[in-house]
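This report refers to the structure that appears directly beneath it.
Keep in mind that the numbers below use all heavy atoms, side chains included, and drop hydrogens, waters and symmetry copies. Note that the structure is predicted; figures quoted are calculated from it, not measured.
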Amino acid sequence: MMSNTTNRKAPAPTKVQGAFQNTNDADSRTSATEGKALATQIAWLALAGHVVHKGQLGDFLVCKYGMSRWCKDFAELQAFSRKLGVTQ
């Protein structure tokens, strides 16, 4: 016997009116080019099986196989990625 339930769609998300820019975050101080470079670097590491956690102070934690490496900034993250052979 079938129940009397109907398939309903979830309500549409509400739209946010106006633009909001948080200037207190560390990411807001970076330019669009730096943001793309960071996203690309994290993507390359992810494709190699690494998980990258962004810290609140511009630092990063790279993890794989239960081991981790802390990088104090984006430059150190790039250097670590080159050392692993993920990027050139």
(message) Checking the side chain of K64 only, and the main-chain atoms of L45 only, is there a donor and an acceptor separated by less than 3.5 Å?
(response)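 The answer is no, because no donor-acceptor pair under 3.5 Å joins these two groups.
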(request) Output yes when a side-chain donor or acceptor of S81 lies under 3.5 Å from a complementary backbone atom of L77, and no otherwise. (result)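 Judged by distance alone, no pair lies under 3.5 Å.
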(request) State, to 0.1 Å, how close H53 and C63 come at their nearest heavy-atom pair, and which atoms those are. (result)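 The answer is CD2-SG, 4.0 Å.
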(message) Test question: given the 4.5 Å side-chain rule for I, L, V, M, F, W and Y, name all other residues clustered with V51, or answer none.
(response)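 Its cluster mates, by chain and number: none.
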(request) For E76, check side chain to side chain contact (heavy atoms under 4.5 Å, CB included) against everything at least two apart and list the hits. (result)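 Listed in chain order: R69, C71, K72, D73.
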(message) Assigning hydrophobic clusters by single linkage (Ile, Leu, Val, Met, Phe, Trp, Tyr; side-chain heavy-atom cutoff under 4.5 Å), is L47 placed with F60?
(response)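 Shared cluster, yes.
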(message) Are V62 and M67 linked, directly or through intermediate hydrophobic residues, by side-chain heavy-atom contacts shorter than 4.5 Å (ILVMFWY only)?
(response)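 No, separate clusters.
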(message) Measuring from atom CH2 of W44 to atom CD of Q78, what distance do you get when rounded to the nearest 0.5 angstrom?
(response)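 Reported value, rounded in 0.5 Å steps: 14.0 Å.
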(message) Would you compute the distance between atom NZ of K54 and atom CG of L38 and round it to the nearest 0.5 angstrom?
(response)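 Going from NZ on K54 over to CG on L38, the span is 5.0 Å.
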(request) Run the numbers on L84 and H50 for side-chain contact (heavy atoms from CB on, under 4.5 Å), then give the verdict. (result) CA-CA 11 Å; L84 293 173; H50 300 275; 3.7 Å; yes
